[in-house]
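What follows is a set of notes on a single structure, which appears directly below.
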Amino acid sequence: MNEHVDAVLATAPEGGTGNGVAVAGEAKNPLLAALGDRVRNLRAQRGLTRKAVALSAEVSERHLANLEYGIGNASILVLQQVAGALHCSLAELVGDVTTSSPEWLLIRELLEHRSEADLRRVRVALGEMLGTASVDPARHRRIALVGLRGAGKSTLGQMLAEDLEIPFIELSREIEKLAGCSVREIHDLYGTNAYRRYERRALEEAVQIYSEVVIATPGGIVSDPATFNELLAHCTTVWLQAAPEEHMGRVAAQGDTRPMAASKEAMEDLRRILNGRAAFYSKADLSVDTSGKTLSQSFQALRGVARQAMNI
(Lines give C-alpha, C1' and ligand atoms only; values in the text may rest on other atoms or scores of the structure.)
Protein backbone atom coordinates (compact mmCIF):
# COMPACT_ATOMS: atom_id res chain seq x y z
CA MET A 1 0.00 0.00 0.00
CA ASN A 2 1.33 3.48 -0.85
CA GLU A 3 1.85 5.12 2.58
CA HIS A 4 2.57 8.56 1.14
CA VAL A 5 -0.63 8.53 -0.90
CA ASP A 6 -2.62 7.42 2.13
CA ALA A 7 -1.15 10.20 4.21
CA VAL A 8 -2.13 12.82 1.65
CA LEU A 9 -5.65 11.48 1.35
CA ALA A 10 -6.07 11.37 5.11
CA THR A 11 -5.84 15.15 5.31
CA ALA A 12 -9.46 16.31 5.38
CA PRO A 13 -10.62 19.80 4.34
CA GLU A 14 -12.89 22.06 6.32
CA GLY A 15 -16.14 20.19 6.83
CA GLY A 16 -14.37 16.99 7.86
CA THR A 17 -12.22 15.71 10.70
CA GLY A 18 -8.73 14.31 10.66
CA ASN A 19 -10.03 10.75 10.61
CA GLY A 20 -12.15 11.43 7.53
CA VAL A 21 -15.51 11.53 9.32
CA ALA A 22 -17.71 14.48 8.33
CA VAL A 23 -18.81 16.72 11.18
CA ALA A 24 -22.60 16.62 11.50
CA GLY A 25 -24.33 19.75 10.28
CA GLU A 26 -21.29 21.12 8.41
CA ALA A 27 -21.64 21.65 4.68
CA LYS A 28 -19.33 19.84 2.31
CA ASN A 29 -17.10 21.75 -0.05
CA PRO A 30 -19.10 21.89 -3.35
CA LEU A 31 -16.05 21.11 -5.47
CA LEU A 32 -15.10 18.08 -3.39
CA ALA A 33 -18.71 16.92 -3.26
CA ALA A 34 -18.98 17.09 -7.07
CA LEU A 35 -15.68 15.25 -7.41
CA GLY A 36 -16.95 12.54 -5.08
CA ASP A 37 -20.12 12.15 -7.15
CA ARG A 38 -18.07 11.69 -10.32
CA VAL A 39 -15.83 9.08 -8.69
CA ARG A 40 -18.87 7.15 -7.47
CA ASN A 41 -20.62 7.36 -10.84
CA LEU A 42 -17.53 6.31 -12.78
CA ARG A 43 -17.04 3.35 -10.45
CA ALA A 44 -20.69 2.36 -10.90
CA GLN A 45 -20.50 2.69 -14.70
CA ARG A 46 -17.54 0.32 -14.75
CA GLY A 47 -19.14 -2.13 -12.32
CA LEU A 48 -16.23 -1.96 -9.88
CA THR A 49 -16.40 -2.32 -6.13
CA ARG A 50 -14.80 0.30 -3.92
CA LYS A 51 -12.39 -2.34 -2.67
CA ALA A 52 -11.28 -3.18 -6.21
CA VAL A 53 -10.68 0.46 -7.12
CA ALA A 54 -8.83 1.13 -3.86
CA LEU A 55 -6.59 -1.86 -4.46
CA SER A 56 -5.82 -0.84 -8.05
CA ALA A 57 -5.21 2.81 -7.09
CA GLU A 58 -3.02 1.78 -4.13
CA VAL A 59 -5.03 3.76 -1.58
CA SER A 60 -6.94 2.47 1.40
CA GLU A 61 -10.63 1.73 1.00
CA ARG A 62 -11.38 4.20 3.81
CA HIS A 63 -9.61 7.01 2.01
CA LEU A 64 -11.41 6.21 -1.25
CA ALA A 65 -14.70 6.33 0.67
CA ASN A 66 -13.76 9.78 2.01
CA LEU A 67 -13.10 10.92 -1.55
CA GLU A 68 -16.47 9.60 -2.74
CA TYR A 69 -18.29 11.28 0.14
CA GLY A 70 -16.68 14.63 -0.64
CA ILE A 71 -14.56 14.85 2.49
CA GLY A 72 -11.26 13.60 1.09
CA ASN A 73 -9.03 16.41 -0.21
CA ALA A 74 -6.81 14.33 -2.47
CA SER A 75 -3.64 15.53 -4.17
CA ILE A 76 -3.39 15.63 -7.96
CA LEU A 77 -1.15 12.53 -7.85
CA VAL A 78 -3.77 10.58 -5.93
CA LEU A 79 -6.46 11.62 -8.38
CA GLN A 80 -4.25 10.44 -11.21
CA GLN A 81 -3.96 7.03 -9.54
CA VAL A 82 -7.71 6.83 -8.99
CA ALA A 83 -8.30 7.81 -12.63
CA GLY A 84 -5.98 5.01 -13.70
CA ALA A 85 -7.86 2.53 -11.54
CA LEU A 86 -11.16 3.67 -13.11
CA HIS A 87 -9.68 3.47 -16.64
CA CYS A 88 -10.50 7.09 -17.42
CA SER A 89 -8.58 10.31 -18.03
CA LEU A 90 -7.88 12.78 -15.25
CA ALA A 91 -10.09 15.27 -17.12
CA GLU A 92 -13.02 12.86 -16.98
CA LEU A 93 -12.50 12.34 -13.26
CA VAL A 94 -12.22 16.04 -12.45
CA GLY A 95 -14.95 16.92 -14.94
CA ASP A 96 -14.50 19.17 -17.98
CA VAL A 97 -16.95 19.97 -20.78
CA THR A 98 -16.01 16.81 -22.66
CA THR A 99 -17.31 14.72 -19.78
CA SER A 100 -20.76 16.33 -19.66
CA SER A 101 -22.55 13.73 -21.80
CA PRO A 102 -22.01 10.33 -23.42
CA GLU A 103 -21.82 11.96 -26.88
CA TRP A 104 -18.99 14.23 -25.73
CA LEU A 105 -17.10 11.23 -24.39
CA LEU A 106 -17.59 9.24 -27.59
CA ILE A 107 -16.44 12.18 -29.73
CA ARG A 108 -13.39 12.68 -27.55
CA GLU A 109 -12.52 9.00 -27.84
CA LEU A 110 -12.62 9.29 -31.65
CA LEU A 111 -10.26 12.29 -31.58
CA GLU A 112 -7.72 11.04 -29.08
CA HIS A 113 -4.24 10.28 -30.45
CA ARG A 114 -5.05 11.78 -33.85
CA SER A 115 -2.41 13.82 -35.68
CA GLU A 116 -2.62 17.59 -35.99
CA ALA A 117 -3.42 17.18 -39.68
CA ASP A 118 -6.32 14.84 -38.90
CA LEU A 119 -7.65 17.18 -36.21
CA ARG A 120 -7.49 20.10 -38.60
CA ARG A 121 -9.54 18.20 -41.18
CA VAL A 122 -12.08 17.29 -38.49
CA ARG A 123 -12.32 20.94 -37.36
CA VAL A 124 -12.92 22.13 -40.91
CA ALA A 125 -15.49 19.38 -41.55
CA LEU A 126 -17.30 20.20 -38.31
CA GLY A 127 -17.38 23.86 -39.27
CA GLU A 128 -19.00 22.99 -42.60
CA MET A 129 -21.51 20.65 -40.97
CA LEU A 130 -22.45 23.13 -38.23
CA GLY A 131 -22.54 26.14 -40.53
CA THR A 132 -19.60 27.91 -38.89
CA ALA A 133 -17.10 27.29 -41.66
CA SER A 134 -15.62 30.10 -43.64
CA VAL A 135 -18.22 31.09 -46.22
CA ASP A 136 -17.33 34.79 -46.07
CA PRO A 137 -16.79 35.88 -49.69
CA ALA A 138 -14.56 38.73 -48.51
CA ARG A 139 -12.24 36.49 -46.52
CA HIS A 140 -9.47 36.49 -49.13
CA ARG A 141 -9.53 40.31 -49.25
CA ARG A 142 -8.95 40.73 -45.52
CA ILE A 143 -5.35 40.07 -44.53
CA ALA A 144 -4.74 39.58 -40.81
CA LEU A 145 -1.17 39.46 -39.52
CA VAL A 146 -0.52 37.30 -36.45
CA GLY A 147 2.62 36.73 -34.42
CA LEU A 148 4.45 37.86 -31.33
CA ARG A 149 5.14 41.47 -30.47
CA GLY A 150 8.13 42.63 -32.47
CA ALA A 151 7.28 40.48 -35.49
CA GLY A 152 6.72 43.59 -37.61
CA LYS A 153 2.95 43.40 -37.87
CA SER A 154 2.40 47.15 -37.55
CA THR A 155 5.24 48.28 -39.82
CA LEU A 156 4.78 45.63 -42.50
CA GLY A 157 1.00 45.80 -42.23
CA GLN A 158 1.00 49.55 -42.92
CA MET A 159 3.33 49.08 -45.89
CA LEU A 160 1.17 46.27 -47.29
CA ALA A 161 -2.03 48.29 -46.94
CA GLU A 162 -0.46 51.23 -48.77
CA ASP A 163 0.78 48.92 -51.53
CA LEU A 164 -2.68 47.34 -51.92
CA GLU A 165 -4.42 50.72 -51.50
CA ILE A 166 -6.75 49.39 -48.80
CA PRO A 167 -7.29 50.45 -45.15
CA PHE A 168 -4.96 49.39 -42.35
CA ILE A 169 -6.02 48.97 -38.73
CA GLU A 170 -4.25 47.93 -35.55
CA LEU A 171 -6.69 45.91 -33.53
CA SER A 172 -5.09 47.08 -30.28
CA ARG A 173 -6.02 50.69 -31.12
CA GLU A 174 -9.58 49.61 -31.90
CA ILE A 175 -9.77 47.83 -28.56
CA GLU A 176 -8.65 51.01 -26.79
CA LYS A 177 -11.28 53.05 -28.61
CA LEU A 178 -14.01 50.66 -27.48
CA ALA A 179 -12.79 50.61 -23.89
CA GLY A 180 -11.94 54.30 -23.63
CA CYS A 181 -8.56 53.50 -22.06
CA SER A 182 -5.24 51.86 -22.86
CA VAL A 183 -4.72 48.12 -23.16
CA ARG A 184 -2.62 48.19 -19.99
CA GLU A 185 -5.41 49.97 -18.12
CA ILE A 186 -7.99 47.44 -19.34
CA HIS A 187 -5.90 44.63 -17.86
CA ASP A 188 -5.17 46.54 -14.63
CA LEU A 189 -8.70 47.82 -14.02
CA TYR A 190 -10.94 45.13 -15.45
CA GLY A 191 -8.81 42.01 -15.91
CA THR A 192 -7.92 39.67 -18.74
CA ASN A 193 -11.47 38.41 -19.32
CA ALA A 194 -12.69 41.95 -19.98
CA TYR A 195 -9.81 42.52 -22.38
CA ARG A 196 -10.72 39.37 -24.30
CA ARG A 197 -14.32 40.58 -24.64
CA TYR A 198 -13.15 43.92 -26.06
CA GLU A 199 -10.77 42.08 -28.39
CA ARG A 200 -13.56 39.88 -29.76
CA ARG A 201 -15.89 42.86 -30.19
CA ALA A 202 -13.19 44.91 -31.95
CA LEU A 203 -12.55 42.07 -34.40
CA GLU A 204 -16.25 41.57 -35.10
CA GLU A 205 -16.71 45.27 -35.82
CA ALA A 206 -13.67 45.36 -38.10
CA VAL A 207 -15.00 42.41 -40.09
CA GLN A 208 -18.43 44.07 -40.40
CA ILE A 209 -17.03 47.44 -41.49
CA TYR A 210 -14.24 46.40 -43.86
CA SER A 211 -14.51 44.06 -46.83
CA GLU A 212 -10.89 44.88 -47.75
CA VAL A 213 -8.37 45.57 -45.01
CA VAL A 214 -5.01 44.70 -43.50
CA ILE A 215 -5.27 44.00 -39.76
CA ALA A 216 -2.37 43.88 -37.32
CA THR A 217 -3.59 41.68 -34.48
CA PRO A 218 -2.37 41.55 -30.85
CA GLY A 219 0.13 38.77 -30.18
CA GLY A 220 -2.17 37.03 -27.74
CA ILE A 221 -5.23 36.85 -29.98
CA VAL A 222 -4.62 33.11 -30.37
CA SER A 223 -5.15 32.69 -26.61
CA ASP A 224 -8.93 32.86 -27.00
CA PRO A 225 -10.12 30.00 -29.25
CA ALA A 226 -13.46 31.71 -30.00
CA THR A 227 -11.79 34.92 -31.20
CA PHE A 228 -9.13 33.02 -33.13
CA ASN A 229 -11.82 30.95 -34.85
CA GLU A 230 -13.54 34.21 -35.80
CA LEU A 231 -10.29 35.51 -37.27
CA LEU A 232 -9.67 32.31 -39.25
CA ALA A 233 -13.23 32.35 -40.59
CA HIS A 234 -13.23 35.93 -41.86
CA CYS A 235 -9.61 36.74 -42.72
CA THR A 236 -6.70 35.28 -44.61
CA THR A 237 -4.17 34.96 -41.82
CA VAL A 238 -0.41 35.37 -42.18
CA TRP A 239 2.00 34.39 -39.42
CA LEU A 240 4.98 36.72 -39.30
CA GLN A 241 7.72 34.58 -37.80
CA ALA A 242 11.04 35.69 -36.33
CA ALA A 243 13.69 34.35 -33.99
CA PRO A 244 13.21 35.25 -30.29
CA GLU A 245 16.34 37.41 -30.37
CA GLU A 246 14.92 39.44 -33.24
CA HIS A 247 11.58 39.89 -31.47
CA MET A 248 13.39 41.24 -28.43
CA GLY A 249 15.73 43.43 -30.44
CA ARG A 250 12.94 45.04 -32.44
CA VAL A 251 10.91 45.85 -29.33
CA ALA A 252 13.99 47.41 -27.73
CA ALA A 253 14.74 49.37 -30.91
CA GLN A 254 11.28 50.93 -30.62
CA GLY A 255 12.36 52.36 -27.26
CA ASP A 256 10.46 49.86 -25.12
CA THR A 257 12.79 48.33 -22.53
CA ARG A 258 10.02 46.71 -20.47
CA PRO A 259 10.76 43.18 -21.72
CA MET A 260 14.31 43.45 -20.36
CA ALA A 261 13.39 45.38 -17.21
CA ALA A 262 10.58 43.03 -16.20
CA SER A 263 12.71 39.91 -15.79
CA LYS A 264 16.34 38.86 -15.86
CA GLU A 265 15.20 35.79 -17.75
CA ALA A 266 13.24 37.82 -20.29
CA MET A 267 14.68 35.96 -23.27
CA GLU A 268 13.82 32.60 -21.76
CA ASP A 269 10.30 33.87 -20.99
CA LEU A 270 9.97 35.04 -24.59
CA ARG A 271 11.04 31.64 -25.89
CA ARG A 272 8.46 29.94 -23.67
CA ILE A 273 5.71 32.26 -24.92
CA LEU A 274 6.72 31.68 -28.53
CA ASN A 275 6.85 27.91 -28.04
CA GLY A 276 3.46 27.98 -26.32
CA ARG A 277 1.80 29.96 -29.08
CA ALA A 278 3.59 28.54 -32.11
CA ALA A 279 1.13 25.66 -32.49
CA PHE A 280 -1.71 28.20 -32.73
CA TYR A 281 0.15 30.63 -35.00
CA SER A 282 0.85 27.69 -37.32
CA LYS A 283 -2.91 27.43 -38.00
CA ALA A 284 -2.57 30.62 -40.08
CA ASP A 285 -3.19 30.23 -43.81
CA LEU A 286 0.26 31.53 -44.71
CA SER A 287 3.57 32.29 -43.01
CA VAL A 288 6.47 34.61 -43.68
CA ASP A 289 9.77 34.16 -41.83
CA THR A 290 11.42 37.56 -41.36
CA SER A 291 14.46 36.22 -39.48
CA GLY A 292 17.68 37.66 -40.88
CA LYS A 293 15.82 39.70 -43.50
CA THR A 294 15.87 43.44 -44.04
CA LEU A 295 12.63 45.39 -43.85
CA SER A 296 12.51 45.53 -47.64
CA GLN A 297 13.08 41.78 -48.01
CA SER A 298 10.41 41.01 -45.41
CA PHE A 299 7.94 43.29 -47.12
CA GLN A 300 8.54 41.75 -50.53
CA ALA A 301 7.95 38.28 -49.09
CA LEU A 302 4.73 39.41 -47.39
CA ARG A 303 3.60 41.31 -50.47
CA GLY A 304 4.06 38.20 -52.61
CA VAL A 305 1.99 35.84 -50.45
CA ALA A 306 -0.71 38.46 -49.81
CA ARG A 307 -1.16 39.29 -53.48
CA GLN A 308 -1.34 35.63 -54.36
CA ALA A 309 -3.97 35.06 -51.66
CA MET A 310 -5.98 38.00 -52.95
CA ASN A 311 -5.68 36.76 -56.58
CA ILE A 312 -3.90 39.94 -57.64
Side-chain angles (χ1 to χ4, degrees), residues 120 122-149 151-187 189-240 277 280-288 299 302-312:
R120 184 183 185 117
V122 171
R123 175 171 60 82
V124 172
L126 280 174
E128 293 173 351
M129 185 182 73
L130 299 175
T132 59
S134 174
V135 292
D136 189 338
R139 180 178 182 273
H140 71 286
R141 298 198 302 275
R142 298 191 194 96
I143 304 295
L145 307 180
V146 301
L148 277 187
R149 193 155 169 256
K153 292 172 292 184
S154 297
T155 302
L156 292 173
Q158 181 72 64
M159 294 171 67
L160 180 63
E162 291 175 358
D163 179 76
L164 297 173
E165 299 182 341
I166 60 177
F168 169 74
I169 63 170
E170 286 194 72
L171 205 61
S172 293
R173 303 290 82 80
E174 302 305 308
I175 293 169
E176 291 177 335
K177 290 177 186 177
L178 286 172
C181 58
S182 69
V183 167
R184 175 61 62 86
E185 289 172 326
I186 297 172
H187 282 286
L189 295 174
Y190 309 114
T192 301
N193 288 340
Y195 171 79
R196 293 299 172 207
R197 289 195 296 271
Y198 282 119
E199 183 179 59
R200 176 72 180 272
R201 184 177 159 195
L203 176 61
E204 289 173 342
E205 290 194 4
V207 167
Q208 290 172 3
I209 293 171
Y210 300 101
S211 59
E212 291 185 320
V213 67
V214 175
I215 304 173
T217 68
I221 198 167
V222 297
S223 301
D224 186 333
T227 303
F228 192 40
N229 267 329
E230 184 82 4
L231 188 73
L232 293 173
H234 295 285
C235 302
T236 296
T237 48
V238 184
W239 176 19
L240 294 184
R277 291 178 179 173
F280 292 93
Y281 289 145
S282 67
K283 302 304 177 187
D285 300 291
L286 307 162
S287 65
V288 172
F299 170 66
L302 175 60
R303 181 178 185 269
V305 298
R307 283 181 166 265
Q308 185 175 5
M310 298 177 76
N311 297 320
I312 299 177

Legend entry - Heavy-atom pair with the smallest gap, counting every atom of Ala144 and Leu231: CB-CD1, 3.7 Å

Inset, instruction - Report yes if some heavy atom in the side chain of Pro225 is under 4.5 Å from a heavy atom in the side chain of Phe280; otherwise report no. - result: no

Legend entry - Pair Glu174 + Lys177, salt bridge at N-O below 4.0 Å: yes

Legend entry - Evaluation steps, salt bridge (Lys or Arg N to Asp or Glu O under 4.0 Å), between Arg196 and Glu199: CA-CA 5 Å; Arg196 293 299 172 207; Glu199 183 179 59; 3.0 Å; yes

Legend entry - Any side-chain heavy-atom pair of Asp224 and Arg200 under 4.5 Å: no

Legend entry - Set of ring pair (Phe, Tyr, Trp, His ring centres under 6.0 Å) partners for His187, sequence neighbours left out: Tyr195

Inset, instruction - Rounded to the nearest 0.5 Å, what's the gap from OG1 on Thr192 to CD1 on Ile186? Could you check? - result: 11.0 Å

Inset, instruction - Measure the OH-SG distance between Tyr190 and Cys181 for me, rounded to the nearest 0.5 Å. - result: 5.5 Å

Inset, instruction - Return yes if some donor-acceptor pair links the side-chain N/O of Lys153 with the main-chain N/O of Val146 below 3.5 Å, else return no. - result: no

Legend entry - Verdict with supporting geometry, Arg303 and Val288, side-chain contact (heavy atoms from CB on, under 4.5 Å): CA-CA 10 Å; Arg303 181 178 185 269; Val288 172; over 6 Å; no

Inset, instruction - Find out whether Ile221 and Glu230 are in side-chain contact, i.e. whether some heavy atom of one side chain is under 4.5 Å from a heavy atom of the other. - result: no

Legend entry - Flag side-chain contact, heavy atom, 4.5 Å: Leu203 against His234: no

Inset, instruction - Starting at CZ of Arg120, measure out to NZ of Lys283 and round the result to the nearest 0.5 Å. - result: 6.0 Å

Legend entry - ring pair (Phe, Tyr, Trp, His ring centres under 6.0 Å) partners of Tyr281, counting only residues at least two apart: Trp239

Inset, instruction - With rounding to the nearest 0.5 Å, note down the distance linking OG in Ser182 to CG in Leu189. - result: 8.0 Å

Inset, instruction - Mind checking side-chain hydrogen bond (donor to acceptor under 3.5 Å, both in side chains) for Asp285 and listing every partner two or more places apart, or none if nothing turns up? - result: Arg139, Thr237

Inset, instruction - Quick one: list whatever passes side chain to side chain contact (heavy atoms under 4.5 Å, CB included) with Leu286, sequence neighbours left out. - result: Thr236, Val238, Val305, Ala309

Donor-acceptor pairs are to be reported for all side-chain atoms of residues 165-173 against protein atoms at under 3.5 Å, with residues two or more places apart or in another chain.
{"unit_1": "Glu170", "atom_1": "OE1", "unit_2": "Ser154", "atom_2": "OG", "d": "2.7"}
{"unit_1": "Arg173", "atom_1": "NE", "unit_2": "Glu176", "atom_2": "OE1", "d": "3.0"}
{"unit_1": "Arg173", "atom_1": "NH2", "unit_2": "Glu176", "atom_2": "OE1", "d": "3.4"}
{"unit_1": "Arg173", "atom_1": "NH2", "unit_2": "Glu176", "atom_2": "OE2", "d": "3.4"}

Legend entry - Gap separating the CG atom of Leu302 from the CG atom of Leu160, nearest 0.5 angstrom: 5.0 Å

Legend entry - Between CG on residue Leu178 and CZ on residue Arg197, distance to nearest 0.5 Å: 13.0 Å

Name each donor-acceptor pair under 3.5 Å that joins a side chain in residues 210-220 to protein atoms two or more places apart or in another chain, with its distance.
{"unit_1": "Thr217", "atom_1": "OG1", "unit_2": "Leu145", "atom_2": "O", "d": "2.7"}

Inset, instruction - Examine distances only and state if a side-chain atom of Arg277 and a backbone atom of Val222 form a donor-acceptor pair shorter than 3.5 Å. - result: no

